[in-house]
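Position 1 is the first residue of the sequence; numbering continues from there.
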Amino acid sequence: MDTGTTPTDSTLTVAGLTAWLRAYATLITRHEDELTELDAAIGDADHGTNMARGMKSVTALLADRTFETLDALAKQTGMALVSSVGGASGPLYGTFWIRFARPLAGLAEADAEELGRALHAAVEGVRQRGKAEAGDKTMLDALLPALDAYDTALAEGAGLSTALARAADAAEAGCAATIPLVAHKGRASYLGERSAGHQDPGATSAALLLRAATR
């Protein structure tokens, strides 16, 4: 990830978070059809379209405004997603970024531990908003393993970029692990046992979010 600082792998700056968001927008555009196809199997067939619209809104925000602090950028990103993404994804991704902002209040850069606190706050916000838990076949099945991997990497002395890379790998593994699960939340839950055998679209877009942080 472009941290916008030095190659010492120590901090996330406003420039680094901007690069993360731009990379996510690129990945969402690239995977829009895939996300929609996954959602067509167990949902409303609009996840790719919704996320693409949301990230276009975020990209426009990045083009129109400059930010001095991480929390200001994250909060406005969340607000942009809430106002532009339909269905459950808007509130969930909006909550992710709004909660992500809180531990970073007033900071122009964050070290790996500070970023970890922001990620924990963000994921807890998603958990509260969606009232879901691990194994419910939601985006949490990608985010929770990612958090564990991030924490483990820091405990082992890894730097920020390495911790994010391990988090992204864990998120992708968690995403793949949703395939045999039966959904317990959202429209997919209406299918009951028939939701098994399909990868969860929310977990897929969440895994892309972590992968974007490594670009």
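The side-chain heavy atoms of Leu107 and Asp71, taken from C-beta on, include no pair separated by under 4.5 Å. Side-chain contact between Leu115 and Leu160 is present, with heavy atoms from C-beta onward closer than 4.5 Å.
Within the structure, salt bridge (charged side-chain N to carboxylate O under 4.0 Å, His left out) contacts touching residues 141-153 (residues at least two apart or in different chains) do not occur. Sorted by first and then second residue, the salt bridge (charged side-chain N to carboxylate O under 4.0 Å, His left out) pairs with a member in residues 169-183 read Asp169-Arg211, Glu172-Arg211; sequence neighbours excluded. Sorted by first then second residue, the salt bridge (charged side-chain N to carboxylate O under 4.0 Å, His left out) pairs that include residues 118-135, not counting sequence neighbours, are Glu124-Arg127, Arg127-Glu133. The salt bridge (charged side-chain N to carboxylate O under 4.0 Å, His left out) pairs that include a residue from residues 26-54 are Asp44-Arg187, where partners are two or more places apart or lie in different chains.
Residues passing the side chain to side chain contact (heavy atoms under 4.5 Å, CB included) test with Ala80, sequence neighbours excluded: Ser57, Val58. For Ala23, the side chain to side chain contact (heavy atoms under 4.5 Å, CB included) test picks out Ala212, Arg215, with sequence neighbours left out.
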Step-by-step side-chain hydrogen bond (donor to acceptor under 3.5 Å, both in side chains) determination, Thr13 to Glu109: CA-CA 4 Å; Thr13 65; Glu109 59 183 294; over 6 Å; no
Trace of the side-chain hydrogen bond (donor to acceptor under 3.5 Å, both in side chains) decision for His31 with Thr204: CA-CA 10 Å; His31 292 271; Thr204 305; over 6 Å; no
Phe67 and Leu61: CA distance, side-chain angles, deciding distance, side chain to side chain contact (heavy atoms under 4.5 Å, CB included) verdict: CA-CA 10 Å; Phe67 295 91; Leu61 172 72; 3.9 Å; yes
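Between the side chain of Asp200 and the main chain of Gly202, a donor-acceptor pair closer than 3.5 Å is present. Using modelled atom types, one side-chain atom of Thr36 and one backbone atom of Gly48 make a donor-acceptor pair closer than 3.5 Å. Judged by distance alone, with hydrogens and angles left aside, the side-chain atoms of Lys137 form no donor-acceptor pair with the main-chain N or O of Pro180 at under 3.5 Å. With hydrogens and angles ignored, the 3.5 Å screen pairs a side-chain donor or acceptor of Thr29 with a backbone N or O of Ala25. The backbone N or O of Asp111 sits less than 3.5 Å from a side-chain atom of Glu114, completing a donor-acceptor pair.
Separation of atoms CG (Leu73) and CH2 (Trp20) is listed at 10.5 Å; rounding is to 0.5 Å. A distance of 11.5 Å separates OG1 in Thr26 from CG in Leu208, rounded to the nearest 0.5 Å.
Annotation for Leu35 and Ser205: closest pair CD2-N, 3.9 Å, computed over non-hydrogen atoms. Considering every non-hydrogen atom in both Cys175 and Ala207, the closest pair reads CB-CB, 4.2 Å. Scanning both residues, Gly125 and Arg99, for their nearest heavy atoms gives CA-NH1, 3.5 Å. Closest non-hydrogen pair, Arg22 versus Thr59, comes out as NH1-CG2, 4.3 Å. Across Ala142 and Ala203, no two heavy atoms sit closer than the pair CB-O, 3.5 Å. Residue Gly78 comes nearest to Ile98 through the heavy atom pair CA-CG1, 4.0 Å, listed as atom of the first residue, atom of the second, then distance.
Taking the six-membered ring where the residue is Trp, Phe96 and Tyr93 present tilted rings, their angle falling between 30° and 60°.
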